[in-house]
Amino acid sequence: MDFIKNIPLHMDFEGQHRAERLLKIIITVFGIVGLTWGYIIQQFSQTVYILAAGCILTSLLTIPPWPMYRTKPLQWQPARDPESNSKDNSKSKKKK
Amino acid sequence: MHSALQRGNAIFAYTLSVLSFLTFCCFASTVFLDYTTGTDIKTVTVLVKNVPDYSASREKNDLGFITFDLKTDLSHLFNWNVKQLFLYLTAEYTTPSNELNQVVLWDKIVLRGEKTVLDFKNMHTKYYFWDDGNGLKGNKNVTLTLSWNIIPNAGFLPNIFGTGSHSFKFPAEYTTSRM
């Protein structure tokens, strides 16, 4: 169970940007290649199939959060020491 | 944060956008093409009978009976935006009661990949050549024209008239014997 919970599911922000750029490039390239090939052999169905292949390839490359999308994790501020900041502490206690 | 589901949605939406653009390119590459071609039509037998039309009024109407030869080459009409052709043969004539009469006598579907050079000899019509009166007997100018609809992947559904129609006349006497 712990093993399943430890599978990373999120990309960092930089990774999301790269994934989105990659999906647009791959699908566009497959679309252009498909259109050219379909025009050469005069079969529009081949164009559609090539685009579908590009869609599947893109899904494999950008839907799972591969390690290459997790190279720049967010640098969180270090957690504050509760005792050094008594004012905040007292406020939160009052609310409770 | 973008989850896997949102990324999948983005891929699907973008693929559909690209597909619609490609379909438009396919349409734009064929929209100005010339889809006319020559047809060679001849009539072989031409008879006219006067028989009751039981499907309508039981009155005796003129029924034309023709067989025809048809020769045409449709191969250059097919491209990546043509799925099939619907060919139909019409007879057009004038009678005293109607300025314009058009009767579809025969039709045929030609799928892409099928034989496109048509050469039919002595073909019977598929549909009855009824006139709604006695306009066929002795009619001096009946014109047969082959036309076709182009069924595309994307775009318009053009209706093209073949060049090379054939005019013939019906005999001035009814045929009474059975054929």
Side-chain angles (χ1 to χ4, degrees), chain A residues 4-5 7-70 72-74 76, chain B residues 1-35 37 73-86 109-117 148-158:
Chain A
I4 293 172
K5 278 184 178 170
I7 294 177
L9 282 173
H10 289 285
M11 296 179 177
D12 57 47
F13 286 124
E14 197 70 21
Q16 289 173 35
H17 179 66
R18 290 176 62 188
E20 186 156 343
R21 204 174 49 194
L22 194 67
L23 87 83
K24 292 219 159 134
I25 290 171
I26 295 176
I27 292 177
T28 308
V29 166
F30 271 75
I32 293 169
V33 170
L35 189 75
T36 316
W37 178 244
Y39 186 76
I40 290 169
I41 65 164
Q42 288 288 302
Q43 281 287 350
F44 190 68
S45 57
Q46 294 296 315
T47 307
V48 177
Y49 291 143
I50 289 172
L51 185 67
C55 179
I56 291 166
L57 177 71
T58 314
S59 304
L60 292 177
L61 282 180
T62 61
I63 289 182
W66 297 115
M68 67 187 218
Y69 301 122
R70 284 185 277 113
K72 288 177 186 167
L74 274 187
W76 295 99
Chain B
M1 216 168 176
H2 280 257
S3 65
L5 209 61
Q6 282 167 313
R7 287 193 296 273
N9 182 40
I11 291 170
F12 187 61
Y14 188 66
T15 306
L16 286 189
S17 302
V18 172
L19 182 61
S20 67
F21 176 72
L22 298 185
T23 311
F24 179 79
C25 289
C26 179
F27 155 73
S29 74
T30 56
V31 65
F32 294 119
L33 293 183
D34 180 22
Y35 285 112
T37 191
D73 182 3
L74 305 168
S75 44
H76 74 279
L77 302 184
F78 286 94
N79 57 49
W80 70 333
N81 199 16
V82 176
K83 287 198 282 196
Q84 64 178 41
L85 298 178
F86 176 73
I109 291 170
V110 183
L111 299 174
R112 195 174 178 206
E114 285 183 356
K115 217 180 100 181
T116 51
V117 182
W148 46 87
N149 271 131
I150 289 169
I151 289 91
N153 285 315
F156 303 121
L157 189 76

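Per chain, numbering begins at 1; letters A, B, ... match sequence-line order. Being a predicted model, the structure only gives us computed values, none of them experimental.
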Atom group of A:Thr28 that falls short of 4.5 Å from chain B, counting heavy atoms:
both

Under 4.5 Å from any heavy atom of chain B, what part of A:Phe30 do you find: side chain, backbone, both or neither?
neither

What residue, out of B:Asn79, B:Ile11, B:Leu5, has the most heavy-atom pairs lying under 4.5 Å from chain A?
B:Ile11

B:Leu22: which of A:Leu35, A:Val48, A:Ile32, A:Ile50 passes side chain to side chain contact (heavy atoms under 4.5 Å, CB included)
A:Leu35

Let me confirm one number: the [atom1]-[atom2] distance from [X] to [Y], rounded to the nearest 0.5 Å.
X	Y	atom1	atom2	result
B:Tyr14	A:Cys55	OH	SG	12.0 Å
A:Tyr39	B:Thr30	OH	OG1	9.5 Å
A:Ile27	B:Phe12	CD1	CZ	11.0 Å

Can you give me the closest heavy-atom contact between [X] and [Y], atom names plus distance?
X	Y	value
B:Gly8	A:Ile63	CA-CD1, 3.6 Å
A:Phe44	B:Trp80	CB-O, 3.7 Å
A:Gln42	B:Arg112	O-NH1, 2.8 Å
A:Gly31	B:Val18	CA-CG1, 4.2 Å
B:Arg7	A:Pro64	NH2-C, 4.4 Å

Bottom line for B:Ser29: the part with an atom under 4.5 Å from chain A's heavy atoms is side chain

